[in-house]
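As structure tokens, the structure follows; a few thoughts come after it.
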Amino acid sequence: MNMYITSGTYDFLDTMKKKHPDLNLIMLQGGPSALLIQETEGKSIFKEPRKYEVVESIGELRQNGFIAMNSVPVTEEDRTTFEHTSKSNELKASRQPGFVASRILRPIKSETYIILTQWTEESAFNDWQSTKEFLGVEDPKEKSLLVNPQSLFSGRAILNKYYVLTEKQ
């Protein structure tokens with residue numbers, strides 16, 4: 001499975017989405033930027049998308065709610081460890097109230113992964129960020145098995161927040 005992401009003006013992306021009603025395209029708005037995402041086994045309809053392989057998928061993405069996208073640069077040699085740690089973290093997130101879906105996206109042409117999580121609302125995501133599981137407070141018996149995912153970053157992680165748009169807002 002692949003995920004393709006493109007950006008542009010709301011009107012341009014809305015026109016593209018309307019041209020392909022048979023595809024599950026999800027429109028996102030965050031501040032001044034708008035994104036359109038396509039998850040598919042096939043090719044992208046976008047001319048020059050950012051391309052990702054879906055490494056882990058939990059739940060079904062919906063046409064409503066809140067999406068957090070954490071962009072994380074990871075070196076080639078740390079990818080396997082980062083993916084393993086991220087899968088464990090996403091499983092913990094999936095148990096939280098308000099969780100809808102998540103995707104761990106491996107970049108095709110860069111070193112920046114995206115950890116995408118969808119929530120019913122932003123407050124559910126904020127609540128998750130204050131849990132002991134998110135903050136890394138674990139059972140002391142398990143500490144030897146934990147890897148701090150930030151130790152695998154090759155640069156600064158960036159969190160972007162978006163709302164899923166179903167019509168012009």
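All residue numbers in this chain count up from 1 along the given sequence.
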Residue pair Asn2 / Gly42: nearest heavy atoms and the distance that separates them | ND2-O, 4.4 Å
Enter the distance from Lys109:NZ to Arg50:CZ here, rounded to the nearest 0.5 Å.
-> 14.0 Å
Atom CG in Asn64, atom CD1 in Ile26: separation rounded to 0.5 Å?
-> 9.5 Å
When rounded to the nearest 0.5 angstrom, what distance separates CG in Asp14 from CG in Leu25?
-> 11.0 Å
Quick one: does Glu122's side chain have a donor or acceptor within less than 3.5 Å of a partner on Ala68's backbone?
-> no
Go through the steps for Leu165 and Leu28 under the test side chain to side chain contact (heavy atoms under 4.5 Å, CB included), then give the verdict.
-> CA-CA 6 Å; Leu165 300 178; Leu28 306 176; over 6 Å; no
Decide side chain to side chain contact (heavy atoms under 4.5 Å, CB included) for Arg103 and Met1; before the verdict, give the C-alpha distance in whole Å, the side-chain angles of both, and the deciding distance to 0.1 Å.
-> CA-CA 11 Å; Arg103 302 292 185 271; Met1 180 71 71; over 6 Å; no
Distance in Å, Leu116 CG paired with Ile67 CD1, rounded so as to fall on 0.5 Å steps | 5.0 Å
The residue among Ile115, Ile5, Ile158 that forms side-chain contact (heavy atoms from CB on, under 4.5 Å) with Met69 is Ile5
What's the shortest heavy-atom distance between Phe46 and Tyr4, and which atoms?
-> CE1-O, 3.5 Å
Could you give me the CA-CA distance, side-chain angles and deciding distance for Val164 and Gln118, then say whether side chain to side chain contact (heavy atoms under 4.5 Å, CB included) is met?
-> CA-CA 9 Å; Val164 179; Gln118 186 173 31; 3.5 Å; yes
Asp78 and Thr75: side chain donor to acceptor below 3.5 Å = yes
What closest approach, in Å, do Thr117 and Glu90 show between heavy atoms, and which atom pair accounts for it?
-> CG2-OE1, 2.9 Å
Student check: side-chain heavy atoms of Pro107 and Tyr113 closer than 4.5 Å | yes
Would you kindly confirm whether Leu91 and Trp128 end up in one hydrophobic cluster when ILVMFWY residues are joined by side chain heavy atoms under 4.5 Å apart?
-> no
Does Ser130 reach the main-chain N or O of Asp127 with its side chain, forming a donor-acceptor pair under 3.5 Å?
-> yes
How about Glu60: does its CD atom have over 12 heavy atoms from other parts shown lying under 6.0 Å from it?
-> no
Hey, what do you get for NZ (Lys43) to NZ (Lys51), rounding to the nearest 0.5 Å?
-> 9.5 Å
For residues Val100 and Leu61, determine if any side-chain heavy atom of one lies less than 4.5 Å from a side-chain heavy atom of the other.
-> no
Roughly how far apart are Asn89 CG and His84 NE2, rounded to 0.5 Å?
-> 10.0 Å
Test item: Ser86 side-chain N/O and Glu83 main-chain N/O as donor-acceptor pair under 3.5 Å | no
For Ala101 and Gly59, the nearest pair of non-hydrogen atoms, with its separation, is CB-C, 3.8 Å
Which word best sums up how the rings of Phe125 and Phe66 line up, parallel for under 30°, tilted for 30 to 60°, or perpendicular for over 60°?
-> tilted
Heavy-atom pair with the smallest gap, counting every atom of Met16 and Leu36 = SD-CD2, 3.9 Å
NE2 (His20) with more than 12 external heavy atoms under 6.0 Å = yes
Leu23 backbone acceptor or donor facing Gln38 side chain under 3.5 Å = no
N/O donor-acceptor pair under 3.5 Å between Arg106 side chain and Tyr52 backbone | no
For Glu53 and Ile108, run side chain to side chain contact (heavy atoms under 4.5 Å, CB included): C-alpha distance rounded to whole Å, both residues' side-chain angles, the deciding distance at 0.1 Å, then the answer.
-> CA-CA 7 Å; Glu53 179 183 353; Ile108 303 297; 4.1 Å; yes
Is Ile104 close to Val54 at the side-chain level, that is, under 4.5 Å between some pair of heavy atoms?
-> no
Do you know the tightest heavy-atom contact between Arg79 and Glu111?
-> NH2-CA, 4.0 Å
